[in-house]
Amino acid sequence: MSDYIYILIVMLPLILSLWIGYKTLKGIQKPSDFFWYPGGMSYEKLRDSLTASNISVGSSIFAFLSFGYSYKIAALISPISWLVGFWLLYKVFPRINNSSKKTLHGFLAERYQNNFIGYLASILSIIGFLGTFGIEILVGTKITNILFPSIPSIWIVIILSLVICGYTSIGGFKAVIDTERMQLIGSIIGIFTVFGYALYYAYINNIDHLDFGIINSNHFGFSNLTILFVVSLIVVNVPWQLIDMSVWQRVSSLEKQKDIKKGLSQSIIFIGISWFILISLGMLLNYFPNFQAPVNDDYATLFMEYIKVPWVFALFAAGCFAALISTADTLLIASVQTFIFDILYPKTSLEIFEKNSKGKNLINYGRNWVFIFGVISPLIIYLMSIIVPGILDLFFLVYSAQIILLFPVLFAIYSSNTRNLKSYAILSLSLGLFASIFMTVYMLFSPSQTIYLSAPIVSIGLSGIPWVIYLFKKQLL
């Protein structure tokens with residue numbers, strides 16, 4: 001009987017998400033209801049949704065625990081650089097005159113007056129987002145493998161993908177936003193439960209292992225860091241929010257600038273506190289009895305072996321699943337929105353769709369592509385993980401495609417005459433895409449830490465060359 005209770009606890013975030021998604025079905029009448037938030041979002045929803053989607057199971061929970069354990073105080077470089085990116089978005093977004101389609105790539109196509117730039121930018125976003133979506137599913141699969149070892153991993157990947165596709169296809173972006181608060185609460189409960197019990201377990205077993213007065217020469221962890229790791233981390237973290245299509249999707253669902261600024265500012269505070277707690281808890285693992293360094297960032301297995309209490313791990317697993325789906329559904333709906341509005345129909349505004357009969361068809365397209373993207377991309381990442389088993393290795397590879405948008409976005413925002421810059425933007429995106437693909441293929445045949453850490457630096461470095469040439473020529477003139 002108790003086994004069924006544990007299973008119910010683990011599955012609760014998935015069940016509640018399906019139920020909330022079903023409740024939103026009646027409110028989906030036109031494309032804006034499915035791809036944006038009907039009636040506009042409040043700043044509270046923006047705050048909660050950004051916080052929930054940024055506490056992902058792969059790039060936040062497991063990554064920050066790993067950073068905290070390995071780098072101790074030095075690990076704070078990661079959340080600090082990420083929050084700098086949020087602050088830049090907060091400062092920059094009021095300058096952005098969003099396009100009529102309310103998408104990042106539509107904004108680029110409109111500013112440069114070139115649809116090909118919108119196509120190219122869309123492809124880069126989709127690669128980055130669907131890659132990250134697949135990695136989140138992969139991490140969830142590792143957790144499920146421990147709870148249900150008899151189920152083949154490939155089936156777990158498919159089942160998790162179908163659950164997320166199910167409620168996302170029903171309620172679209174509204175379902176994604178309306179499930180965020182529940183998923184955020186679930187994540188917090190799971191994290192604090194497992195570490196609260198772990199501290200208690202360490203205390204009752206051997207209090208001497210929690211002697212914080214013993215500080216060795218590497219207590220702060222800076223000697224474990226490499227310059228390549230720090231630079232790559234900053235290159236990924238700082239520009240991410242500005243070039244994140246899911247952030248644009250959320251922000252463009254708010255009608256008032258003051259609500260945008262209020263929601264963003266509160267998000268920075270909430271996310272900063274959450275990540276600081278995760279890294280602090282990762283640091284504490286150094287003092288737990290018999291806790292060894294993880295292999296391939298696989299904290300799930302280590303927690304199960306360390307705690308040996310099924311109900312505690314069940315709550316942790318439920319929290320991880322809540323974090324997983326809060327991020328995964330965000331990545332999925334943003335990818336589908338990008339594909340439909342910026343690749344299939346880049347010349348048609350949302351207002352035109354809603355005035356004719358094609359509006360219903362657009363919603364059906366969206367639902368179909370949710371399943372196509374949501375099932376195929378995790379399977380591809382699962383196959384890649386056989387060659388590149390490290391979770392963080394895969395994150396750096398897929399992020400290297402997304403950050404290529406940085407320079408075209410910045411020049412689109414700050415340049416007054418962007419029409420004359422379209423050739424530079426096209427060359428920048430093309431060079432970056434080539435670099436990202438090359439580094440990914442090279443990593444599959446010659447996997448190494450140097451390659452995956454270099455991928456974001458090489459991609460953004462090559463994409464920046466045309467802009468350096470432009471600025472140099474401008475200086476000469």
With side chains defined as the heavy atoms from C-beta onward, is the minimum distance between [X] and [Y] less than 4.5 Å?
X      : Y      : value
Phe472 : Ile469 : no
Phe107 : Ile413 : yes
Leu160 : Glu136 : no
Phe373 : Phe133 : no
Gln241 : Leu88  : no
Val163 : Ile325 : no
Asn54  : Trp275 : yes
Val238 : Leu406 : no

What are the two closest heavy atoms between [X] and [Y], and how far apart are they?
X      : Y      : answer
Ile460 : Phe407 : O-CE1, 3.5 Å
Ser169 : Phe371 : OG-CE1, 3.3 Å
Leu104 : Ser125 : CD2-OG, 4.5 Å
Ile268 : Leu83  : O-CD2, 3.6 Å
Ile279 : Ala75  : CD1-O, 3.4 Å
Glu180 : Ala52  : OE1-CB, 3.4 Å

Indicate the ring-plane relationship of Trp467 and Phe411, choosing parallel, tilted or perpendicular according to the 30° and 60° boundaries.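 If you compare the ring of Trp467 with that of Phe411, the planes turn out parallel.
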Should the ring pair Tyr442 and Phe438 be called parallel, tilted or perpendicular, given that the plane angle runs from 0 to 90° and is split at 30 and 60?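 Ring orientation, 0 to 90° scale: parallel.
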Counting only heavy atoms not in [X], do more than 12 sit closer than 6.0 Å to its [atom1] atom?
X      : atom1 : answer
Arg181 : CZ    : no
Phe276 : CZ    : no
Phe192 : CZ    : no

Interatomic distance, [X] atom [atom1] to [Y] atom [atom2] [nearest 0.5 angstrom]:
X      : Y      : atom1 : atom2 : value
Phe116 : Ile426 : CZ    : CD1   : 6.0 Å
Trp87  : Ile80  : CH2   : CD1   : 14.5 Å
Phe34  : Gln337 : CZ    : CD    : 10.5 Å
Leu405 : Ser463 : CG    : OG    : 9.0 Å
Ser246 : Leu332 : OG    : CG    : 12.0 Å
Ile123 : Leu429 : CD1   : CG    : 10.0 Å

Under 3.5 Å, is there a donor-acceptor pair between the side chain of [X] and the main chain of [Y]?
X      : Y      : result
Ser187 : Ala323 : yes
Arg47  : Gln266 : no
Ser459 : Pro456 : no
Ser53  : Ser326 : no
Ser377 : Gly374 : no
Ser436 : Leu433 : no
Arg250 : Ile177 : no
Gln402 : Ile243 : yes
Ser428 : Tyr424 : no
Ser415 : Thr418 : no

Check the pair Asp244, Phe129 against side-chain contact (heavy atoms from CB on, under 4.5 Å), reporting the backbone distance first and the verdict last. CA-CA 9 Å; Asp244 185 342; Phe129 270 46; 2.8 Å; yes
Run the numbers on Val84 and Asn237 for side-chain contact (heavy atoms from CB on, under 4.5 Å), then give the verdict. CA-CA 8 Å; Val84 168; Asn237 286 352; over 6 Å; no
Trace of the side-chain contact (heavy atoms from CB on, under 4.5 Å) decision for Leu379 with Ile154: CA-CA 8 Å; Leu379 291 175; Ile154 189 70; 3.4 Å; yes
Check the pair Leu228 / Ile457 against side-chain contact (heavy atoms from CB on, under 4.5 Å), numbers first and verdict last. CA-CA 9 Å; Leu228 180 61; Ile457 300 173; 3.6 Å; yes
